[in-house]
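Predicted model only: the values in this text are computed from it and were never measured. Here is how names work: the chains are called A, B, and so on, in the same order as the sequence lines, proteins then strands, and each is numbered from 1.
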Amino acid sequence: MDKMPKWADIVLIPLISLFLAAFFSALVILAIGENPIAALKLMVDGALMRSAGWGYTLYYATNFIFTGLAVSVAFHARLFNIGGEGQAMLGGLGVALACLYIDWPHWSLAILGASVGAACFGALWALIPAYLQAKRGSHIVITTIMFNFIAAAILNYVLVELLRPVGAMDPASAKFPEAVHLPTFQDMFSTEGSKLFRGAPANVTFFLALLACLVVWVLIWKTRLGYEIRAFGESETAAKYAGISPVRITVIAMLISGALAGMMSVNTTMGESERLILNSTEGAGFIGIAVALMGRNHPFGVLLAAILFGFLYQGGAELALWTSIPRELIVVIQALVILFTGALDNMVREPLEKLFIAMRRRNA
Amino acid sequence: MTAPAIELKGISKAFGPVQANKDISISVQPGTIHGIIGENGAGKSTLMSILYGFYKADAGEIFIKGQKTLIPDSQAAIRAGIGMVFQHFKLVENFTVLENIILGAEHGAMLNSSLSNARKELKHLAEEYGLNVDPDEVIENLSVGHQQRVEILKALYRKAEILILDEPTGVLTPAEADQLFRILDRLREEGKTIILITHKLREIMEFTDTVSVMRRGEMTATVKTSETSPEHLAELMVGRKVLLRVDKKPAEPSETVLDIKGLRVVDEAGVERVKGIDLTVRAGEIVGIAGVAGNGQSELLEVLGGFADGTGEITMNGTALPLTGHGADGQARRAAGISHVPEDRQREGLIMEFAAWENTVFGYHHSPEIQNGILMDNNGIYTEAEAKMQRFDVRPPDPKLAAKNFSGGNQQKIVLAREIERNPDLLLIGQPTRGVDIGAIEFIHQQVVNLRDQGKAILLVSVELEEILSLADRVVVMFDGHITGERVASQTNEKELGLLMAGITDTSAVANGNGGNENSTQEVHADG
Amino acid sequence: EPALIFDLGGKFDKSFNEAAFGGATRWAEETGNTFREIELQSEAQREQALRRFAEAGANPIVMTGFAFGNVLSEVAPDYPDTKFAIIDMVVDAPNVRSVVFNEHEGSYLVGMMAAQASKSGTVGFIGGMDIPLIRKFACGYVQGVKAVNPDATVIQNMTGTTPAAWNDPVKGSELTKAQIAQGADVVYAAAGGTGVGVLQTAADEGILSVGVDSNQNHLHSGKVLTSMMKRVDNAVYEAMTAGVDLETGFNVMGVANGGIDYAMDEHNAALVSADMKASVDGAKEKIASGELAVHDYMSDNTCPVE
Amino acid sequence: MDFLTLLQVLDTSVRLATPLLLACLAGLYSERSGVVDIGLEGKMLAAAFFSAAVAFYSGNAWVGLLAGVGASVALAVVHGLASITFRGNQLISGVAINFLAAGMTVLVAQSWFRQGGRTPPLEGDARFNPIELPFAIGPTDAAAADRPLSQLIAEAGPLQQFYSELISGHSSLVYLALLTVPFTWWLLFRTRFGLRLRAVGENPAAVDTAGVSVVWLRYAAVLLCGVLCGVAGAYLSSALQAGFVKDMTAGRGFIALAALIFAKWRPVYALWACLLFGLFQALELRPDIIENVIGLKVQVQLLGALPYILTVVILAGFVGKAIPPKASAEPYIKER
Ligand SMILES: Nc1ncnc2c1ncn2[C@@H]1O[C@H](COP(=O)(O)OP(=O)(O)OP(=O)(O)O)[C@@H](O)[C@H]1O
Ligand SMILES: Nc1ncnc2c1ncn2[C@@H]1O[C@H](COP(=O)(O)OP(=O)(O)OP(=O)(O)O)[C@@H](O)[C@H]1O
Ligand SMILES: [Mg+2]
Ligand SMILES: [Mg+2]
């Protein structure tokens, strides 16, 4: 007998955790002398009440879908990929190389090429930690953290020494050619009469992200590979018994994870900045952890959580714009979400389990 | 009558939805050895752990020497004079013996004085009880038997008057076990009280004064050992009359299916576990491998099943099987016609979090008949799982239920349904009835025999001699990675196999006897 | 209502951004009006901040830092009725005013000052991010030093190659220690927030430092030789004063029009002798009149002296 | 490279190794008890801010230190709650704490000082100033001679140079950090507490059944970790620097973690590992020296990434295997 009904596990617990995180966030806002209700209203107005707000919310959400899926695919194999950040950085490099050095006739081909570039570079960056974990038992959490730093150093080197156009000041690549410009929501949905999503960076990559959700869902629950990934994640000894190679699954799961993380850069680098800049990832790799935790590692949950975090991000930017609350408030909220949904999960779960068991005893 | 050394009243304990102990009361007289028996999962360890303060009871009281005593933690238990040797030792593997002994019982805040004190005391205890261990040796370098001594020394060092031993002989050779019981006798003579948990009725009958039987979390009876019999105890354990022998025709073995030559296996720690064995299994016979746990049987199964590497030669139906690399994994073995019921169904045979239907294709998930293009044919698998569960009488027959939610016996039936229905040429089957109740045991044994009668080869590994003797046609005994003997099942007995299991190949003294339940007087010193 | 957007170093970097803030504050105090402001925390915010302010009707919108160049050239055409002013970068659009400074001229002046104050004949330069703009500072400085003492040694270090270099006082401090160890007794920091660490360490270790952008003499009174003042405050003040009538186009601020200067006040009066001041003022006049041309690194990406 | 330059580089290494060493030893206590802590970074950061802020208000660096330690310990308690009391995932908890500190410090700094997430500069006694050891040539001698200190030292004999440049002239916290190494060794290997601490990181069940509370031992270790991270953070903002700036730990917590692996969880090795990583950081500041010595231009990015690369190499077991305490990252769960 399960300790708890399934709906409680996948809906009730995240909701309670989220509520706790929101409650503590409100306390924090109060503590710095601001009004949480007013802050929330400002965030909602700025992020959800205008089409451009949605354009930003969904832009950020696109990033978080990719990194959230990346974390969750790895997590199905019980691999904790903290390296999304580094994988996304190098994914950006893949996008830049694809966009700068190949003559694309049309954006639709370019986005495919850039996706492949991003996925390959991201996957490559996940491959080494995966291999070391599988073959040499090096703890993947530590190696992926290290690889984040190493990726930052590489990107730094490449941008400063190799890709920066002569005479330019920022460590950034040249602007991508016009042909690889991705249609933004503004391009797609504005009509003659009304301009929608004006200036917002959301672009077709959002649909690519939705597609990724679907593909990951099919992969994890409908295919042999997904079956093997989940089986390996639940029990390594059982996987070995079944002839599922731990090395192979570790490597494949991390390759997929790294590829997904890398593909985030299609959105930021190709869809938004249209050149490779330093720190275009802006911590999205880490937010993927919170998104995956909240979404219970299910693509649909990841989608919802990503939109929630997109809202927080855009709302936070609005706060910084119109009040004196720094954008770091969002970092705090993010921390609280990770803390309550991830680390303090049992604090919510245990009393609930007791409650359900007691209820069942009484009914029996 | 003096006050009992221990008296438990109305102890209850639930782990989540599992009621491990239900309103248990028991009392043990000082200076006696009290046995506790029961099937796996009956709640024996839980009860003792409560007495030792490891778990907290939900309800109930504990009296020590007539005094009501609160035991919220192990510190309190130690203060009350209780010592416990757990089923799974609680030692710090990379500490020395001495450090393990003083841990938690140091004199003062500095280590030096504690260590020298303990060294003296240890010497004294070693002389008194013959419990010799090198105090400066690191635990991981000690044999299991010596590790157990350290556990006993830990308890004695803390001046335990009451000693609890949880399945102490499961990991010992018969010789080591004999030595253990001599020590226990000494302690009893000194007036110490001993509680002994064991699965072996022989040990209960031989060494205990009184015995309690547990079943499904409840204490079903407490009796004087002298006033009971093994048959009676078995009945108390499972709740009904027990059939001990399996109904089967004599074997009709034909051609060789599996042929092993010079097989060696080195485990991950670099220890050689199988040291060159030769073995054949023919179609239509059941070969049983007997041995104390840890003598290489598991590794043998692992190599055959494809999840450990080995060296040597193995042929299956005349073709050589690779022993390393991709061609030697579980998938390749299944393709070669080998099915495998693993020793540990929960850690190996099943994914506990997966639903039963998903588990019915575990290991066979690449089979073409369950694919639907690039996807898995989940609907087909589900329908087939439902039918399988009917045929194997899995209860409840609900394919959606997660494997962890079935009882041990039913989990085993799911594994068997999956492996037997593949109709393999060779079935590897490890500890098939561990923790399974007698009704299910009968069913499982019957399935295995049926498969044999269809002309399939079966290799059975079990630590239960009774099971080997009743199920196998031919018995091979393993000790320390070697085969120490081979007997025809109907022409040997537990005594003889016991000697082989201790590495003694000269069994003339006990050979050809039948039964083998009479008390042995023979001293065996296999280990120094 | 005008708006001011600070670059990543932040409003209180004690140098560049703070100067801009000072100019805006002066305008607000004098006119009694208010202005909108935001400190950027991330790259992606640049465009958003520009658009949101423009949509909210802020006019003019002033931004500090070359990094806005790219974004502004995209955003400006979308809001033809809004005036923008960008400092340190040239953006060619009809509604943008680009303000650039002749930092090399000011650096030349403080270089002369440093060479005269140095006893060891070795002076230091610590730049922020290694970009042409900062090399322009360095090159002007070296020219000034050599003009006074052709044998002087100038130790040059850059803090880093990324924007983080603007805000790394720990590294600034260690670089200063290293330069001191190599004998430098005057260091010039052109490093934004990193300079805080440079000036601090110089004061701790008992040598002189030269501030940048704002007048930083007061930070460690009696220990900062002078500051190379880049009157970002004036540029911001003027832009806000002009309001919607802001004159667009290219605007160079140098010694000649008071956009660049070196700082003298009570905090460094004791450090600068009359002779030193006289020689530096002489050079200043020559530069203003065009008699003395200080080489601009960015004109050809080279520096004639090392 | 001459002797004096070498000394200067080593001097910088010591200064930069100090926060690493303190954080590394902090991690050592925690991980030896079986609690993995990737939140060293966050605890240091919080301590850096609160110590600078309180030092600014009180004008006393030691009061600031206390506040910093308090902040770090508070986060340690959160980590303890998550990983000990509620048996959650220690890695996730560490990640959360890093974010919490990164956000909170800026938020509070902005709310208190309105200076864009930094504290005002610290002056005088609000900082830990360098200590001049007896007989060393220091600023006082320089002032007396009215000559630059660097010249005085350059003229001294090699031994005096060594003493004055490298040994003398650090803040008290540097010496404290160095003393923490033998103290930690003694505590771990010579006392009852140390024995139990090491045991609980290897096999908590053994400690539990020996009648010692696993929970309190682990809390003690986690709190010790908090204290040391607090000192490390205070050192950053009020000794190495004069005030807090956003994200000023700059990955030091992770380098400390790397050093801990490099040191195989041993205190004396930790000293060497941190000095080595400190040296890398010092060399990153002086690429000119490397260029002089090996005659090759080394990319600063490579120098910066070297500790991380080295850690991966070590983790991969190419330079001897680093085996962590057996129970590390495993919550002690008795009842499922
Ligand atoms: N720590 C635990 N958490 C949850 N359930 C437990 C725990 N320990 C035991 N149980 C459950 O309690 C029941 C009784 O277990 P216990 O270990 O006491 O049995 P036992 O009689 O000692 O069995 P065995 O002969 O296998 O040792 C079982 O169903 C078991 O699954
Ligand atoms: N780890 C567990 N998690 C959840 N439920 C469990 C667990 N272990 C046991 N149970 C529940 O407890 C019940 C009893 O389990 P147990 O294995 O003790 O059965 P049993 O009485 O020994 O049956 P069998 O003879 O078939 O082994 C099971 O039906 C199952 O629902
Ligand atoms: Mg048990
Ligand atoms: Mg059972």
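Contact annotation for residues 201-214 of chain D against chain B (heavy-atom separation below 4.5 Å, listed by residue number): Glu202(D), Asn203(D), Ala205(D), Ala206(D), Val207(D), Asp208(D), Thr209(D), Ala210(D), Gly211(D), Val212(D). Heavy-atom neighbours of chain B within the stretch residues 170-195 of chain D, taken at a separation under 4.5 angstrom, comprise Trp186(D), Phe189(D), Arg190(D), Thr191(D), Arg192(D), Leu195(D).
Under a cut-off of 6.0 angstrom, the local environment of NZ in Lys22(B) is crowded, with over 12 non-hydrogen atoms contributed by other residues, nucleotides or ligands. Counting non-hydrogen atoms of neighbouring residues, nucleotides and ligands closer than 6.0 angstrom, the NZ atom of Lys56(B) reaches no more than 12 such neighbours. Within 6.0 Å of atom OH in Tyr269(D), 12 or fewer heavy atoms from other residues, nucleotides or ligands are found, so the atom counts as exposed in its surroundings.
Taking Ile78(B), Leu115(B), Asn112(B), Leu103(B) one by one and counting their heavy-atom pairs under 4.5 Å with chain D, the maximum is reached by Leu103(B).
For chain D, the nearby part of Arg158(B) is the side chain; its heavy atoms alone come within less than 4.5 Å. Contacts of Phe95(B) with chain D are made by side-chain atoms alone, with heavy-atom separations under 4.5 Å and no backbone atom involved.
For the atom pair CZ (Arg198(D)) and CD (Glu99(B)), the distance works out to 5.5 Å, reported to the nearest 0.5 Å.
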